[in-house]
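Order of listing sets the numbers, starting from 1, for every ligand and every atom in it. Residues: numbered from 1 along the sequence shown. Since the structure is predicted, the reported quantities are computational estimates derived from the model, not experimental observations.
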Amino acid sequence: MTDDLKEQWEANARVFAELIGDRGTPHHRIILNPCVERLLGDVQGKTLLDAGCGEGYLSRYYAKMGAEVTGVDISAGLLERAEALTNSSLGVSYRSGDICSLDELDDARFDLVLCNLVLLNTPCLDEALSEFRRILRPSGILVFSIVHPAFDFYGPGDWEMGEKDPNTGRRTGLFFRVDRYTEELEYKRYWRTREGEKFPEPFSFYHRTISTYVKAILESGLRIVALEEPLPSEDSEFFDRERRVPFFMVFKAVKE
Ligand SMILES: C[S@@+](CC[C@H](N)C(=O)[O-])C[C@H]1O[C@@H](n2cnc3c(N)ncnc32)[C@H](O)[C@@H]1O
């Protein structure tokens with residue numbers, strides 16, 4: 001992990017934490033989280049690592065569901081917020097750490113590893129997967145999510161937008177332009193909040209093809225048991241584009 005990436009998250013910590021709030025964005029709540037929760041299965045009484053926990057809303061959620069949660073993140077600013085937002089009665093243990101090298105965590109320590117929207121911002125895919133396998137107990141489960149690599153507007157693709165709809169004031173998505181899907185590159189992009197506030201620093205995104213993810217999981221020794229492209233769980237006009245073209249991709253893999 002380079003200092004540059006650490007600094008990106010540090011500089012963007014406040015705006016990121018405000019964007020996520022205590023429940024995630026509508027994209028998280030309506031599209032991603034129900035799928036992740038289903039793939040994790042029953043967490044009651046299980047040890048769960050929230051790898052790249054950010055401001056900890058998922059750590060808190062799964063602790064409330066009965067898991068014994070450890071949250072690891074590289075950003076001191078986000079960990080500070082996570083600590084402040086988490087009631088000590090939930091027993092979540094937050095630690096500073098890099099998912100590329102989780103030396104401080106013992107082998108076979110976790111039943112579940114959740115890595116939500118982190119690997120697409122991380123250069124060390126192979127190392128992280130190997131660490132996840134090491135800290136999972138036999139039969140342990142890894143669930144990780146990424147922005148869908150084929151329809152990823154953090155890379156060279158984007159939606160081609162039409163005219164503004166006079167009734168809703170929103171522009172219609174015509175189609176998604178896919179280009180240079182096969183080129184695995186780092187892209188730097190600014191995020192914006194829903195109110196249009198620009199994050200202070202751009203984030204690095206590591207575009208990889210789907211087959212690269214599959215190959216990396218298999219080479220880590222984990223067995224893929226599910227690959228999902230979740231759709232919005234609500235039928236609202238707001239998610240017209242996300243119903244037509246999947247926004248996220250979620251993998252579930254097992255340590256045999
Ligand atoms: C998009 S956020 C996702 C946060 C959280 N998982 C969620 O779903 O809200 C990515 C998080 O990963 C963390 N992160 C990025 N690279 C990391 C690494 N190599 N090791 C640990 N955390 C990392 C960032 O600091 C940030 O909190």
Side-chain angles (χ1 to χ4, degrees), residues 1-37 39-40 48-63 67 69-83 85-86 92 94-105 112-132 135 142-148 152 154 186-193 199-206 208 230 247-251:
M1 170 60 47
T2 63
D3 287 346
D4 183 34
L5 294 178
K6 212 169 174 174
E7 280 161 21
Q8 287 173 12
W9 284 102
E10 226 49 274
N12 290 318
R14 179 191 61 80
V15 185
F16 178 75
E18 281 169 15
L19 175 72
I20 294 296
D22 206 30
R23 303 167 59 218
T25 68
H27 278 73
H28 298 144
R29 290 200 303 277
I30 311 293
I31 306 176
L32 181 58
N33 295 353
C35 173
V36 166
E37 187 168 354
L39 292 182
L40 281 172
L48 183 152
L49 175 71
D50 186 0
C53 60
E55 56 72 77
Y57 87 102
L58 291 174
S59 293
R60 289 188 286 285
Y61 179 77
Y62 286 109
V69 179
T70 302
V72 166
D73 204 281
I74 43 160
S75 161
L78 285 170
L79 285 170
E80 228 171 76
R81 284 179 166 74
E83 293 276 10
L85 291 166
T86 305
V92 178
Y94 291 109
R95 297 165 175 232
S96 170
D98 182 347
I99 60 166
C100 310
S101 168
L102 292 164
D103 300 339
E104 286 176 15
L105 299 178
L112 302 166
V113 172
L114 166 62
C115 188
N116 200 53
L117 299 175
V118 182
L119 290 172
L120 71 158
N121 297 114
T122 311
C124 59
L125 176 66
D126 296 338
E127 292 86 345
L129 289 170
S130 156
E131 283 294 75
F132 295 159
I135 61 172
L142 164 68
V143 173
F144 76 83
S145 64
I146 50 178
V147 172
H148 199 300
D152 178 359
Y154 299 126
E186 176 187 352
Y187 294 93
K188 283 202 171 183
R189 291 280 187 272
Y190 282 96
W191 268 354
R192 283 180 186 278
T193 64
F199 276 63
E201 291 292 325
F203 284 111
S204 291
F205 292 89
Y206 295 87
R208 303 178 181 98
F247 193 90
F248 297 110
M249 180 167 270
V250 188
F251 290 86

For this session: To the nearest 0.5 Å, tell me how far Y206 OH sits from E186 CD.
Result: 3.5 Å
Problem set entry | Polar proximity ligand 1 side, N116 side, N/O cut 3.5 Å exclusive | yes
Exercise. Can you list every pair that meets salt bridge (Lys or Arg N to Asp or Glu O under 4.0 Å) and has a residue in residues 15-37, with sequence neighbours left out?
Worked result: R14-E18, D22-R60
Exercise. What about the rings of Y187 and F205, do their centers lie closer together than 6.0 Å?
Worked result: no
Exercise. Does at least one non-hydrogen atom of G97 fall below 4.0 angstrom from an atom of ligand 1?
Worked result: yes
For this session: Answer yes or no: does an N/O atom from I20 fall short of 3.5 Å to an N/O atom of ligand 1?
Result: no
Exercise. Any idea which atoms of ligand 1 are less than 4.0 Å away from a heavy-atom of L117?
Worked result: 1 (C), 2 (S), 3 (C), 10 (C)
For this session: Taking atom CD of E80 as the centre, report whether more than 12 heavy atoms of other residues, nucleotides or ligands fall under 6.0 Å from it.
Result: no
Problem set entry | S75 neighbourhood, listing ligand 1 atoms whose heavy-atom distance to it stays under 4.0 Å | 25 (O)
For this session: Give the numbers and elements of all ligand 1 atoms closer than 4.0 Å to a heavy atom of L58.
Result: 8 (O)
Seminar exercise, completed: The reported gap from CG in L78 to SG in C53 (rounded to nearest 0.5 angstrom) is 8.0 Å
For this session: Using heavy-atom distances, let me know which of A76, G54, G52, A51 sits nearest atom 6 (N) of ligand 1.
Result: G52
For this session: Kindly confirm or rule out an N or O of L78 lying under 3.5 angstrom from an N or O of ligand 1.
Result: no
Exercise. With sequence neighbours excluded, what pairs up with D4 under the salt bridge (charged side-chain N to carboxylate O under 4.0 Å, His left out) test?
Worked result: K188
Exercise. Hey, is ligand 1 close enough to Y57 that some N/O pair sits below 3.5 Å?
Worked result: no
Exercise. Per the side chain to side chain contact (heavy atoms under 4.5 Å, CB included) rule, which among V69, D50, T70 passes with V92?
Worked result: V69
Exercise. Do ligand 1 and D98 have nitrogen or oxygen atoms that lie under 3.5 Å from each other?
Worked result: yes
For this session: Number the atoms of ligand 1 from 1 as they appear, then name those within less than 4.0 Å of a heavy atom of C53, with their elements.
Result: 5 (C)
Exercise. Of Y154, F16, W9, which meets ring pair (Phe, Tyr, Trp, His ring centres under 6.0 Å) against F203?
Worked result: W9
